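All heavy atoms count here, side chains included; hydrogens, waters and symmetry mates do not. Within every chain, numbering begins at 1; the chains are lettered A, B, ... in the order of the sequence lines, protein sequences first and strands thereafter. Please read these numbers as outputs of a predicted model, since none were measured by experiment.
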2 protein chains.
Amino acid sequence: MPNNQFKKGELYSFITGKASIAIARRLQKKFNNAGLNLTIEQWSVLYHLWKEDGKSQQELCNATFRDKPSITRLVDNLEKLQLVKRVASENDRRINKIYLTKQALKLQEQSMGLAEETLNDALAGVPADQINLCKEVLQRVYDNLK
Amino acid sequence: MPNNQFKKGELYSFITGKASIAIARRLQKKFNNAGLNLTIEQWSVLYHLWKEDGKSQQELCNATFRDKPSITRLVDNLEKLQLVKRVASENDRRINKIYLTKQALKLQEQSMGLAEETLNDALAGVPADQINLCKEVLQRVYDNLK
DNA sequence: GGCATATAGTTAGTTAAACAACTAATCAAA
DNA sequence: TTTGATTAGTTGTTTAACTAACTATATGCC
């Protein structure tokens, strides 16, 4: 039987993703302490728009690994916060393109700095080669399941 | 600066825990397909009670890495499903001890089988030593942040 | 053109997470 | 022994995930 090195006690924390939950909580705290009124989920949408503005909601679904209703509501809330605007595509009127506002552009540097800081906290004392191997394993897991 | 091997594109998936989300989704699907009317979060509580029945809610908080309101509501829902019962502790009447019902005991074998299956799906083709290293890194991340 | 199908997005309902504020029971110390 | 602090658990509110059902637009085929 493959991979039965997973004894039950270890099984649990792999499934629950304790480590990534801890990372997300730490980042959220840093946001709160910095007075950034932003959830990690909202930040994750902005993150992909900072990389390329004007993505459609469907593209945001793919990028953030969320389903359509989740993105609809995240964009709703980001619009309420005046951080993004929906603009109907001229070519295909089913599509909403999502554009960052000036306010959102201002948040990029600070929040990305806090995110890098969080990962440095998380990975303190872990050698680079181990991090890389870990990333590869997690990517493989993701590919195995998608 | 330590650990700056994290370029931005990689940063995101580490924070979001794509891999563990994928694992949880796969396990939830297996539960649904098997007709198990159980969320992964509910299962995670049962999991720790199968290991040791009669834990207090606070002990379940620690074990599952959730806060008290989350456990209150999970136990509420598990009680509605008649899978656990709250029993006030005789020594200390602030404490609820949570006990599995017969119905819950029946679910253990099947659901744990599906969980192992899910991890085997997830880790297919990943050598044991890499899995072990990955576990160590994730544990270290968790310890760094708690 | 007209109809079936696919795609983009929204709405509704249930479950869960995070946080704050709360009640009740226990403990400790003056 | 009473007062203050601590601990266990609950309740309320907001945000988000997931599923299913829905609307509207676009596409492809006859």
*Given A:R86 and A:D76, is the side-chain contact (heavy atoms from CB on, under 4.5 Å) satisfied, shown in steps?*
CA-CA 9 Å; A:R86 282 179 169 95; A:D76 285 350; 2.9 Å; yes
_Run A:C134 and B:L138 through side-chain contact (heavy atoms from CB on, under 4.5 Å) and show every step you take._
CA-CA 8 Å; A:C134 191; B:L138 295 177; 4.2 Å; yes
*B:Q28 has an atom CD; how far is it from atom C1' of C:dA16, in whole Å?*
12 Å
*Heavy-atom distance under 4.5 Å between the side chains of B:R66 and A:T16, does that happen here?*
no
_Heavy-atom pair with the smallest gap, counting every atom of A:A122 and A:I23_ = CB-CG1, 4.0 Å
*Measure the acute angle between the ring planes of A:Y12 and B:Y47, then classify it against the limits of 30° and 60° as parallel, tilted or perpendicular.*
parallel
_In this structure, how many angstroms lie between the P atom of C:dA16 and the CZ atom of B:R25, rounded?_
16 Å
*Would the number of heavy atoms belonging to other residues, nucleotides or ligands and lying under 6.0 Å from CD of A:Q82 be above 12?*
no
*Note the angle between the end axes of the helix from C:dG1-D:dC30 to C:dA30-D:dT1, five pairs defining each, rounded to 10 degrees.*
10°
*Integer-rounded Å distance: C:dT14 C1' and B:L81 CG*: 12 Å
*Figure out the CG/P separation between B:N32 and D:dT19, and round it to whole Å.*
7 Å
*Could you pull out the closest heavy-atom pair between A:L60 and A:K55, with the gap in Å?*
CD2-CD, 4.0 Å
*Nucleotide C:dA16, atom P - distance to CD1 of B:I21 in whole Å*: 17 Å
_With B:N37 via side-chain hydrogen bond (donor to acceptor under 3.5 Å, both in side chains) - residues at least two apart_ = none
_If I take atom CZ in residue B:R93 and atom P in nucleotide C:dC27, what distance separates them, rounded to the nearest angstrom?_
12 Å
*asked:* Each nucleotide in nucleotides 8-16 of chain D should get exactly one letter: B, S or -. Can you fill that in based on protein heavy atoms under 4.0 Å?
replied: BBBBBB-SS
*Compare every heavy atom of B:A34 with every heavy atom of B:Q110, then report the nearest pair and how far apart it is.*
NE2-CB, 3.7 Å
*Starting from P on C:dA18, measure out to CZ on A:F31 and report it in whole angstrom.*
16 Å
*Quickly work out the B:D67 CG to C:dC22 P distance and round it to whole Å.*
18 Å
